[in-house]
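Working notes, structure below.
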Amino acid sequence: QGQLVESGGGVVQAGGSLKLSCSAPARTFLWYNGGWFRQAPGKEREFVAAITWNSGKRLYADSVKGRFTISRTSLGNIMTLQMNSLEPEDTATYYCAAGRGSEDQSQNYNSWGQGTQVTVSS
């Protein structure tokens with residue numbers, strides 16, 4: 001899958017928006033599922049959203065459904081996560097990943113980015 005690089009993190013007030021991007025080699029997200037995971041201090045890494053490689057089906061964690069939107073470009077080299085109505089509980093390091101298998105299981109992803117920090121202030 002090659003190297004994944006996230007960007008777009010930052011500090012935002014509750015209720016605000018951020019858009020994360022994940023850059024990858026061409027066609028990565030056309031051949032592999034793309035996923036976003038996050039990890040807050042002292043907590044385990046958790047699934048946020050995924051988009052399947054074949055049909056482009058989108059899956060979301062219940063905690064972000066209706067607020068976050070995952071997308072990919074037609075070239076399959078960029079995956080984004082639009083995050084709206086952000087809450088302090090969304091504060092975490094966000095990671096993008098590529099892999100095959102069950103989309104919400106981190107062990108099925110074998111290529112990961114370095115992470116980008118998202119901080120939501122109350």
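In this structure, the separation between CD on Gln105 and CZ on Phe47 is 9.0 Å, given to the nearest 0.5 Å. In this structure, the separation between CG on Leu30 and CG on Asn77 is 8.5 Å, given to the nearest 0.5 Å. The distance from atom CD of Gln82 to atom OG of Ser17, rounded to the nearest 0.5 Å, is 5.5 Å. Between the NZ atom in Lys57 and the CD1 atom in Ile70 there is a gap of 13.0 Å [rounded to 0.5 Å]. Distance check: Thr119 OG1 to Asp90 CG gives 11.0 Å after rounding to the nearest 0.5 Å.
Among all heavy-atom pairs drawn from Ala92 and Ala40, the shortest one is CB-N, 3.9 Å. For the residue pair Thr80 and Trp36, the shortest heavy atom distance occurs at O-NE1, 3.6 Å. Closest non-hydrogen pair, Ile78 versus Ser23, comes out as CG1-OG, 4.4 Å. Between Val12 and Gly16 the shortest heavy-atom distance is CG2-CA, 3.8 Å. Contact detail for Arg72 and Asn54: the closest heavy-atom pair is NH2-O, 4.4 Å. Ala49 and Leu81 get closest at one heavy-atom pair: CB-CD1, 4.1 Å.
By the criterion of side-chain heavy atoms lying less than 4.5 angstrom apart, applied directly or through intervening Ile, Leu, Val, Met, Phe, Trp or Tyr residues, Ile51 is grouped together with Tyr60 in one hydrophobic cluster. No continuous path of hydrophobic side-chain contacts links Trp53 to Phe29 [ILVMFWY only; heavy atoms under 4.5 Å].
The shortest side-chain heavy-atom distance between Trp31 and Arg100 falls under the 4.5 Å cut-off. In this structure the side chain of Tyr94 reaches within 4.5 angstrom of the side chain of Val48, judged on heavy atoms. In this structure, the side chains of Gln3 and Pro25 stay at 4.5 Å or more apart for every pair of heavy atoms. Between Val118 and Leu20, the closest side-chain pair of non-hydrogen atoms falls below 4.5 Å. A 4.5 Å side-chain heavy-atom check between Glu87 and Arg67 finds at least one atom pair inside the cut-off. The closest side-chain heavy-atom distance from Met79 to Cys96 is below 4.5 Å.
The environment of NZ in Lys43 is sparse: at most 12 heavy-atom neighbours from other residues, nucleotides or ligands sit within 6.0 Å. Heavy-atom neighbours of Gln107 CD from other residues, nucleotides or ligands within 6.0 Å: above the threshold of 12.
With Tyr95 as the aromatic partner, Arg45 meets the cation-pi criteria of under 6.0 angstrom to the ring centre and within 45 degrees of the ring axis.
Between Tyr109 and Phe37, the ring center distance clears the sub-6.0 Å criterion.
No side-chain donor from either of Thr52 and Asn33 sits under 3.5 Å from a side-chain acceptor of the other.
In terms of modelled atom types and a separation under 3.5 Å, the side chain of Arg58 and the main chain of Ser71 share no donor-acceptor contact. Put simply, the side chain of Thr91 gets close to the backbone of Val120: a donor and an acceptor are under 3.5 Å apart. A donor-acceptor pair is defined here as one N or O able to donate and one able to accept, closer than 3.5 Å; no such pair exists between the side chain of Ser102 and the backbone of Asp104.
Of the options Glu6, Gln117, Gln114, a side chain to side chain donor-acceptor pair (under 3.5 Å) to Thr93 is made by Gln117 and by none of the others.
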- Carefully, step by step, assess Val64 and Arg38 under the rule side-chain contact (heavy atoms from CB on, under 4.5 Å). CA-CA 12 Å; Val64 307; Arg38 67 187 182 187; 4.0 Å; yes
